[in-house]
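Below you'll find the structure, written out as structure tokens, and then a few comments.
Worth knowing before you read on, the calculation uses all heavy atoms, side chains too, and leaves out hydrogens, waters and symmetry mates. Quick note on labels: first sequence line is chain A, next is B, and so on, each numbered from 1.
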Number of protein chains: 2
Amino acid sequence: MDNIYRALADPTRRTILDELCKREGQTLFELCSRLVMAHGISSSRQSISQHLAVLEDAGLVITERRGRSKLHWFDGAPLRAIVMRWPVPTDRKEKS
Amino acid sequence: MDNIYRALADPTRRTILDELCKREGQTLFELCSRLVMAHGISSSRQSISQHLAVLEDAGLVITERRGRSKLHWFDGAPLRAIVMRWPVPTDRKEKS
DNA sequence: TTGACATGCAAGCTACGACTTGCCTATTAT
DNA sequence: ATAATAGGCAAGTCGTAGCTTGCATGTCAA
């Protein structure tokens with residue numbers, strides 16, 4: 001799964017992940033309106049849909065069809081590949 | 001610093017970070033030859049140099065001029081922004 | 001000082017990614 | 001059945017990232 005990095009490369013996709021962390025199980029329309037409200041993102045529905053497809057392909061978003069809607073959840077599991085690949089220093093507060 | 005994500009988006013740059021983790025303080029030429037040897041990367045010197053500039057701009061690589069050479073070190077500190085932004089599940093081994 | 005070595009700068013080319021537009025499919029309500 | 005709702009598919013445009021090429025800068029050795 002190497003497309004995590006590509007998925008994280010786009011700022012809109014990162015904001016989508018933020019939004020899905022705040023509220024679980026959002027539909028595409030919920031996400032679109034919330035991205036406009038909270039953040040200044042005013043992309044088309046199709047654009048957000050394509051972003052979600054990239055995120056889902058990377059495993060960062062899990063979906064479930066519910067009738068004519070599609071619900072989206074955030075999943076941080078693929079992010080472990082990053083912290084396992086390179087050393088991430090712990091941020092202990094250091095005195096000067 | 002939002003360009004961490006862009007810096008990680010390229011596979012060659014990720015391999016450069018891997019290589020710098022294995023051996024510290026490499027020069028540009030060292031990196032070029034090692035990228036060809038260990039991994040199958042055969043980009044030009046200028047290409048690698050540009051990649052290093054992106055990584056340095058993202059704070060993932062720290063440099064130091066030493067005479068006519070430039071030494072490079074890996075720095076994982078910017079990666080904390082990722083693990084602090086989204087929840088990364090700990091991978092405890094689970095019994096089935 | 002002169003030449004070899006290690007790197008930097010800048011312009012140009014090409015390919016891919018993000019976005020839009022238009023139409024299509026599936027589900028629910030009346 | 002029909003219309004409205006929620007989303008999917010596909011082609012096309014545009015900008016930018018990655019790569020190369022050519023030349024310039026700076027450093028060390030003889």
Side-chain angles (χ1 to χ4, degrees), chain A residues 1-20 23-37 39-73, chain B residues 1-20 23-37 39-73:
Chain A
M1 283 297 174
D2 228 17
N3 30 14
I4 327 167
Y5 304 99
R6 202 184 77 78
L8 291 177
D10 186 84
T12 301
R13 282 197 287 269
R14 295 195 293 270
T15 310
I16 290 178
L17 292 183
D18 293 338
E19 199 54 50
L20 283 179
R23 173 161 315 199
E24 305 247 298
Q26 296 193 53
T27 72
L28 176 57
F29 271 157
E30 278 184 76
L31 272 170
C32 283
S33 53
R34 286 181 154 266
L35 287 174
V36 177
M37 308 288 188
H39 324 83
I41 301 175
S42 64
S43 300
S44 70
R45 177 185 59 84
Q46 291 81 350
S47 174
I48 305 297
S49 178
Q50 287 166 351
H51 281 308
L52 284 171
V54 174
L55 290 169
E56 187 176 359
D57 183 65
L60 290 165
V61 162
I62 295 180
T63 66
E64 178 188 341
R65 293 225 62 129
R66 190 81 56 91
R68 60 181 160 186
S69 296
K70 190 177 182 182
L71 309 185
H72 300 79
W73 284 270
Chain B
M1 282 299 173
D2 229 16
N3 30 16
I4 327 168
Y5 304 99
R6 202 184 75 78
L8 291 178
D10 186 85
T12 302
R13 282 197 288 269
R14 295 196 293 271
T15 310
I16 290 177
L17 292 183
D18 293 338
E19 199 53 51
L20 283 179
R23 173 160 315 199
E24 306 246 298
Q26 296 192 55
T27 72
L28 175 58
F29 270 156
E30 278 183 77
L31 272 170
C32 284
S33 53
R34 286 181 154 263
L35 287 174
V36 177
M37 307 290 190
H39 324 84
I41 302 175
S42 63
S43 300
S44 69
R45 177 184 59 84
Q46 290 83 347
S47 175
I48 305 298
S49 178
Q50 287 165 351
H51 281 308
L52 285 171
V54 174
L55 290 169
E56 187 176 359
D57 183 67
L60 289 166
V61 162
I62 295 180
T63 67
E64 178 187 341
R65 294 228 58 133
R66 191 78 57 89
R68 60 183 161 185
S69 297
K70 190 177 183 184
L71 309 185
H72 300 78
W73 284 269

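- As rounded to whole Å, 7 Å separates atom C1' of C:dA6 from atom CZ of B:Arg68.
- Looking only at distances, no side-chain donor or acceptor of B:Arg13 sits under 3.5 Å from a matching main-chain atom of B:Leu52.
- One can place CD1 of B:Ile48 at 18 Å from P of D:dA17, the figure rounded to the nearest angstrom.
- For B:Arg65 against D:dG26, a side-chain-to-base donor-acceptor contact under 3.5 Å is absent.
- A straight line from CZ of A:Arg45 to P of C:dT25 spans 15 Å, rounded to a whole angstrom.
- Closest approach of B:Glu30 and B:Gly25 over heavy atoms only: OE2-O, 4.2 Å.
- Of the two residues near DNA chain C, A:Gly67 and A:Val54, the one whose nearest nucleotide lies more 5' is A:Val54.
- Rounded to an integer number of Å, the gap from CG of A:Leu28 to P of D:dC9 is 13 Å.
- In this entry the distance linking CD of B:Glu64 with C1' of D:dT27 reads 16 Å, nearest Å.
- Atom NE2 in A:His72 sits 11.5 Å away from atom CG in A:Leu17 (nearest 0.5 Å).
- For A:Ser43, counting side-chain heavy atoms from C-beta on, the closest listed nucleotide (C:dT20, C:dA18, D:dC19) is C:dT20.
- Using a 4.0 Å heavy-atom distance criterion, A:Arg66 is classed as making no nucleic acid contact.
- The side chain of A:Lys70 sits closest to D:dG7 out of D:dG7, C:dC19, C:dT7.
- Of the side-chain N and O atoms in A:Ser49, one or more sit less than 4.0 angstrom from OP1 or OP2 of D:dG8.
- A pairwise comparison of heavy atoms in A:Ser43 and A:Ile48 identifies CB-CD1, 4.1 Å as the closest pair.
- No hydrogens or angles were tested; on distance alone, nothing pairs the side chain of A:Arg6 with the base of C:dG17 as donor and acceptor under 3.5 Å.
- Across the interface with DNA chain D, nearest-nucleotide mapping of A:Ser69 and B:Ser42 shows A:Ser69 to be the residue nearer the 5′ end.
- One interatomic measurement links the two molecules: CD of B:Gln46 to P of D:dA24, which rounds to 15 Å at whole-angstrom precision.
- When the P atom of C:dG8 is taken as reference, atom CG of B:Leu52 falls 8 Å away, rounded to whole Å.
- With D:dG18, D:dG22, D:dC19 as the candidates, the nucleotide lying closest to the side chain of B:Gln50 is D:dC19.
- Atom C1' of nucleotide D:dA6 and atom CG of A:Leu31 are separated by 13 Å, given to the nearest angstrom.
- Of the candidate nucleotides D:dG7, D:dG18, D:dG8, D:dG7 has the atom lying nearest to any side-chain atom of A:Thr27.
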Candidate pair B:Ile41 and B:Ile16, rule side chain to side chain contact (heavy atoms under 4.5 Å, CB included), full reasoning:
CA-CA 10 Å; B:Ile41 302 175; B:Ile16 290 177; over 6 Å; no
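- Remark: B:His51 is in phosphate contact with D:dC19, judged by side-chain N or O atoms under 4.0 Å from OP1 or OP2.
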